[in-house]
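Some notes on the structure that comes next.
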Amino acid sequence: MQEKEDRVKEATIAEINGPVVKVKQAYRLSMNEMVVIGEAKLLGEVIELYADRATVQVYEDTTGLKPGTLVHGQGLPLFVELGPGIIGHIFDGTQRPLSVMYKDSGPFIRKGQARAALDRDKAWPFKPKRNSGDTVSPGQVIGEVEETDHIVHQIMVPPNLNGRLTEIAAEGLYNVEQRVALLEDKNGESHEIKLYHRWPVRRIRPYQKRIAPSEPLFSGQRVIDFFFSLAKGGTAAIPGGFGTGKTITQHQLSKWADADIVVYIGCGERGNEMAGVLMDFPKLLDPRSGRPLIERTIFIANTSDMPVAAREASIYTGITIAEYYRDMGYDVALMADSTSRWAEALREISGRLEEMPAEEGFPAYLASRLAGFYERAGAVITHSGETGSVSVIGAVSPPGSDFSEPVTQHTKRYVSTFWALDKELASARYFPAINYLNSYSGYVESVAPWWNKKADVDWIALRSQALAILKEDARLMNIVKLIGEDALPDDQKVIYRGARLIKEDFLQQSAFDFIDTYSPPGKQVLMLQIILKFIERMKETVADHRVPVYRIMELPVLEEMERMKYTFKGDDLSPFKEILTRLEKQFDELVKREA
Amino acid sequence: MPAGSGLQYLGLFRVQGPLIFVKGIKNIGFGEMAEVVSSEGEVRLGRVLSVSEDLAIVELFEGTAGLSAADSRVRFLGRPFEYRVSAEEVLGRVFDGLGRPLDEGPPPIGGEVRNINGLPINPVARVYPQDFIQTGISAIDGLNALVRGQKLPIFSGSGLPHAQVAAQIVRQARLLEGKERFAIVFAAMGTKHEEAQFFRKDFEESGSLKNVVMFLNLADDPSIERLITPRVALTVAEHLAFEENMHVLVILTDMTNYCEALREVATSKGEVPSRKGYPGYLYSDLASIYERAGRIATAKGSITQIPILTMPDDDITHPIPDLTGYITEGQIVVDRGLFQKGIYPPINVLPSLSRLMSDGIGSGRTREDHQNLAAQLYALYAQAKRVERLASIIGEEDLTPHDRLILNFSNEFESRFIKQGPYDNRTILETLDLGWEMVMMFPSRDLTRVKPDEIQKYGLRKDASQLPETSDQAS
């Protein structure tokens, strides 16, 4: 009897501990359901159910909240709105539109500002692609909307609907709330299709099948493209202590990567950094389309001073949006900076739930959550038959630059490309500070054909030749550290000097230099060919003609080689070929002189 | 003080460390303030850390020593910790760690009441900081430039002159152009009397005291109070910057003491610790302080933060400097080795960094060659450190001539570029010219980070330097 009465009662707060709130009489709440708390309308999500109690993580500041406050279930898990009006915008971790909030309520984020993610008033030009009477299946395109000048937004049948179109709107302007089609399912029930639909962030969006990644996500960053490539649909992690250049690398990738859409998640990072990105991107042009980068970029910003639970959600909000554009047949690159902050949000919530901690206080499910996130990357055939991909690049911020910590270690298990940032390189202002000995890529074989075709070279051979020199050099450096370079025999000096050329003239790249910031494939290949040719000639000159290394290091072509990355953009390759000719000539002359 | 919601409870259920547990409560909000009145009538302030239907956990800023469980009364105030902000009433004044006057003046009574926790700044509303601040210190201006709206901490160790460096920055900091209203907000957390006194004297001597607000929680003040001090200070700073349009420099010293107070509370609550016993939310908590720096589009003012922290055992990987470095926009590292060599300011530029430097310098801001020159100095100095290690093994005699030149550079760089007097205020142009003098010790072919035309224009210039020697070693 008593129980029956309780069931009529509404769910109310029993206990508050920071962002974690315990709710009693929570019979009607379900797992991962979104809730709205009290008159302030704070947004939260159910993360645990136990008897009549539920635990809710609240996406906003809970100061002032009192036990007894009503909790309203929304009947839906945490979702995002997917439709035109996402590109070029900035959202918080739960997809609240930050620019709208700024316009409405000023520079500070106040509590309980529920806002629709997509603009309800904006009219979009809709073009139908199907006719009334057509049978359609989930994910099929029924029409399109031009979202930006070079992104056509496909309007698809939502993944959970299936049947016959009984009505489709004529070409014209529609806002996202207007019906553009009516679909009748096999039970004879009618469903409205609008320009947008909702999708729960924690559920993977379906596709037809996965395919193996085969094309590099080309970014114009030499150490990445040439040595540790990432494929479209692949995963990469970029771990590094503070100041090693994680964020700059992420920014470079989001600026120059040849993806159609870039989703940039600032997860628990600096506000000023987001401000910098928001200032830069409208001004920068996409090297391929010539359009402002902002027209292909989506920002999710949950800076470190914003509530911690929303930080946990931001990663999922981002990847769901990425999957949505993938479903239209686009190549999407997602940057998450930083996944460590997300993992810390998990730890913080877990701590407040008084869960048994595993390593370093992180919950035991850290590894499976990381796996679940990275596995949402991939190249796929979509339901509409197109190929699309989501590439995921996650920054990791290991405490004290110690890569043995749990987040780095677990991430390593689920990513195929690993760009290890090195503190020592960074403090010598050697950028990008990607350590060429610890980093690796699992996509070398798969992207090789692309390179071979692009530059007409045996890319793998070129790459391994350079890496072999670097590896040998690492061994020599230990000796040099102890006894100095002079003590090396000449053939080893050649390697030591040669490796330095690869490191300084090829691998080092300035993100701030107008020319050096982006290297096209042809330039990359020729630059390395020049350096390897120099090393080859140096070896032979030393071995066959007994010319001392220091004489070779006086050749004037060296200065040209040092400056070639800053001097020539690489759309015209002839200057590089000329350097190569001069290089050969100077060696020939040197040999003649010495003889 | 007013009784707030008027709810008053007699007796404490449990007292543990700085925490009290109050039973049988009703209608208490998370994070609201409480006053505990001891049997002697002494009033202590506290804050609700956790609340359930009949139990509230309250942290007391002034500690629990001397409280009796039976006779103490708890009054809940029905509001979070708030502070009145009013520029006229705080400038030139000294307050304690909770914002109560320490001078003869009255507590602020005008102005609006603000929650000291502040509100997150919408990233869209932020203005990217780009205005170079000249500190007159070459190691900072030349290689780790500070810009308005940046948070740039000083990482130091016990016994190192971080206070002198901070004071010199406060004394000398100015923009390259324009005269604008400025203020200094100084928050001391667990700071020694001497150090607080040192700063006060320095503000006085430089004549800036009327623009300074001081919040002092000294080493012998209650440690939990430290959790409030920076937040009160930043609430005042936000008012000055974003409502009064002043340019505010906030000095927070010492953040290590703050973190220790946070750990103390977390431990008493029985929370699951993460690294070195610090709570798992240390990052978020520090971010809620550091992120209150910057500029916003709706105001002309700015908040520039210089937090000071002493690294326990000079260990930069300790959670406090480590998490700080992940939030702040760089760090200035004060180094024991340089200090022992007698170099002031002992700033080790290699682990130091200013993330906002590249956008705050260069043509139209400082000088076009600034970025490349800084990169060149870094590269040479990093090389010099490697050669120094080598020299300590094989001896200087066995070094190549090039390596010996590098060692020579290292000495010159430390003793002339880095080293300067505490009252030596160098202009940015002086710093850059001095930097060129340093790099021109090398032939131009060794200078790969600077452009040939920059070498021509600034390196080989006869009048390149105001210092007696000219730089023609390169020829």
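Note on naming: letters A, B, ... go to the chains in the order of the sequence lines (proteins, then strands), and numbering restarts at 1 for each one. Because the structure is a prediction, the values reported are computed rather than measured. Computed from heavy atoms alone, side chains included, the values below leave out hydrogens, waters and symmetry copies.
When all heavy atoms are compared, the tightest approach of B/V124 to A/L98 is CG2-CB, 3.6 Å. Minimum interatomic distance between B/P120 and A/M306 (heavy atoms only, all atoms of both residues): CB-CG, 3.9 Å.
With a 4.5 angstrom heavy-atom cutoff, A/S99 touches chain B via backbone and side-chain atoms both. For B/V387, no part lies near chain A; criterion is any non-hydrogen pair under 4.5 Å. Contacts of A/I90 with chain B are made by side-chain atoms alone, with heavy-atom separations under 4.5 Å and no backbone atom involved. Within the 4.5 angstrom heavy-atom criterion, only side-chain atoms of A/E348, from C-beta onward, approach chain B. Contact of B/P321 with chain A is made through the backbone alone, with heavy-atom distances under 4.5 Å. Only the side chain of B/P80 comes within less than 4.5 Å of a heavy atom in chain A; its backbone stays farther off. Looking at A/P398, both its backbone and its side chain come within 4.5 Å of chain B, counting heavy atoms on both sides. Heavy-atom distances place the side chain of B/V272, and not its backbone, under 4.5 Å from chain A. For A/F512, the part sitting under 4.5 Å from any heavy atom of chain B is the side chain, from C-beta outward, and nothing else. For chain B, the nearby part of A/M553 is the backbone; its heavy atoms alone come within less than 4.5 Å. With a threshold of 4.5 angstrom between heavy atoms, B/I327 approaches chain A through its backbone and through its side chain. Heavy atoms of B/R449 lying under 4.5 Å from chain A belong exclusively to its side chain. In this structure, chain A has no heavy atom under 4.5 Å from any part of B/Y290. At a 4.5 Å heavy-atom cutoff, the contact between A/M274 and chain B is made by side-chain atoms alone. Looking at B/R445, the atoms closer than 4.5 Å to chain A (heavy atoms on both sides) sit in the backbone and in the side chain alike. Neither the backbone nor the side chain of B/S392 comes within less than 4.5 Å of any heavy atom of chain A. Neither the backbone nor the side chain of B/L282 comes within contact range of chain A, judged by heavy atoms closer than 4.5 Å. For chain A, no part of B/K276 is nearby; none of its heavy atoms comes within less than 4.5 Å.
Rounding to the nearest 0.5 angstrom, the gap separating the OG1 atom in B/T317 from the NZ atom in A/K423 is 8.0 Å. Here the straight-line distance linking atom OG1 of B/T448 with atom CD of A/E504 works out to 6.0 Å at 0.5 Å rounding. For the atom pair OG1 of A/T63 and CG of B/N115, the computed distance is 6.5 Å after rounding to the nearest 0.5 Å. Atoms CG and CD1, from A/N17 and B/I57 in turn, are 7.5 Å apart once rounded to the nearest 0.5 Å. Distance CD/A/E559 to CG/B/D446: 9.5 Å, rounded to 0.5 Å. With values rounded to the nearest 0.5 angstrom, B/L119 atom CG is found 9.0 Å from A/I109 atom CD1.
Chain A forms more heavy-atom pairs under 4.5 Å with one residue of B/G31, B/P123, B/G330, B/S50 than with any other, namely B/P123. In terms of heavy-atom pairs under 4.5 Å with chain A, the best-connected choice from B/A391, B/A125, B/A382 is B/A125. With chain B as partner, the option from A/P556, A/A275, A/S105, A/G361 having the largest number of non-hydrogen pairs under 4.5 angstrom is A/A275. The candidate from A/M356, A/E354, A/E15, A/K66 with the greatest count of non-hydrogen atom pairs under 4.5 Å with chain B is A/K66. When A/G68, A/A426, A/S401, A/G241 are compared by the number of non-hydrogen pairs under 4.5 Å with chain B, A/G241 comes out ahead. In terms of heavy-atom pairs under 4.5 angstrom with chain B, the leader among A/P357, A/G266, A/G276, A/S338 is A/G276. Per-residue counts of heavy-atom pairs under 4.5 Å with chain A were compared for B/Q331, B/H318, B/R292; the largest is that of B/Q331. When the candidates B/G118, B/S288, B/P452 are compared by the number of heavy-atom contacts under 4.5 Å with chain A, B/P452 comes out ahead. By number of non-hydrogen pairs under 4.5 angstrom with chain B, the leading residue of A/R110, A/E424, A/R270 is A/R270. Put simply, of A/M101, A/M279, A/E359, the one with the most heavy-atom pairs under 4.5 Å next to chain B is A/M279. Among the candidates B/R275, B/Q383, B/R355, the residue making the largest number of heavy-atom pairs closer than 4.5 Å to chain A is B/R355. Residue with the most contacts toward chain A among B/R389, B/R126, B/R295: B/R126 (heavy-atom pairs, distance under 4.5 Å).
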Please walk me through it: do A/N272 and B/L356 pass side chain to side chain contact (heavy atoms under 4.5 Å, CB included)? CA-CA 9 Å; A/N272 279 338; B/L356 301 182; 4.3 Å; yes
I'd like to know whether B/K451 forms a salt bridge (Lys or Arg N to Asp or Glu O under 4.0 Å) with A/D513, so could you lay out the CA-CA distance, the side-chain angles of the two residues, the decisive distance to 0.1 Å, and finally the verdict. CA-CA 11 Å; B/K451 295 192 167 147; A/D513 185 88; 3.5 Å; yes
Show your reasoning for whether side chain to side chain contact (heavy atoms under 4.5 Å, CB included) applies to A/F108 and B/N122. CA-CA 5 Å; A/F108 296 98; B/N122 188 330; over 6 Å; no
Let's go through B/E329 and A/E273 carefully: what are the C-alpha distance in whole Å and the side-chain angles of both, what is the deciding distance for side chain to side chain contact (heavy atoms under 4.5 Å, CB included) to 0.1 Å, and is it a yes or a no? CA-CA 9 Å; B/E329 283 124 4; A/E273 231 156 50; 5.9 Å; no
Run the side chain to side chain contact (heavy atoms under 4.5 Å, CB included) test on B/R386 and A/V480 for me, step by step, so that the C-alpha distance in whole Å, both residues' side-chain angles and the decisive distance to 0.1 Å come before the verdict. CA-CA 10 Å; B/R386 280 198 299 272; A/V480 172; over 6 Å; no
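Between the side chains of B/S284 and A/R341, not a single donor N or O lies within less than 3.5 Å of an accepting N or O.
Between A/K24 and B/E53 there is a salt bridge, with a side-chain nitrogen of the basic residue lying less than 4.0 Å from a carboxylate oxygen of the acidic one.
The backbone N or O of A/G271 lies less than 3.5 Å from a partner atom in the side chain of B/E291, making a donor-acceptor pair. Although no hydrogens or angles enter the test, the distance criterion places no donor-acceptor pair under 3.5 Å between the side chain of A/D305 and the main chain of B/A287. The closest donor-acceptor contact from the side chain of B/Y283 to the backbone of A/G268 lies under 3.5 Å.
The salt bridge (charged side-chain N to carboxylate O under 4.0 Å, His left out) search around A/R497 returns A/E485, not counting sequence neighbours. Applying the ring pair (Phe, Tyr, Trp, His ring centres under 6.0 Å) test to A/F242 and every residue at least two apart in sequence or in another chain returns B/Y326.
A cation-pi contact, defined as under 6.0 Å to the ring centre and within 45° of the axis, is absent between A/R347 and B/Y281.
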Contacts table for residues 297-305 of chain B: side-chain donor-acceptor under 3.5 angstrom, sequence neighbours left out:
from	atom 1	to	atom 2	distance (Å)
B/S302	OG	B/H247	ND1	2.7
B/T304	OG1	B/G149	N	3.0
B/Q305	NE2	B/I289	O	3.0

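Of residues 372-381 of chain B, those residues with a non-hydrogen atom less than 4.5 Å from any non-hydrogen atom of chain A are, in numerical order, B/Y378, B/A379.
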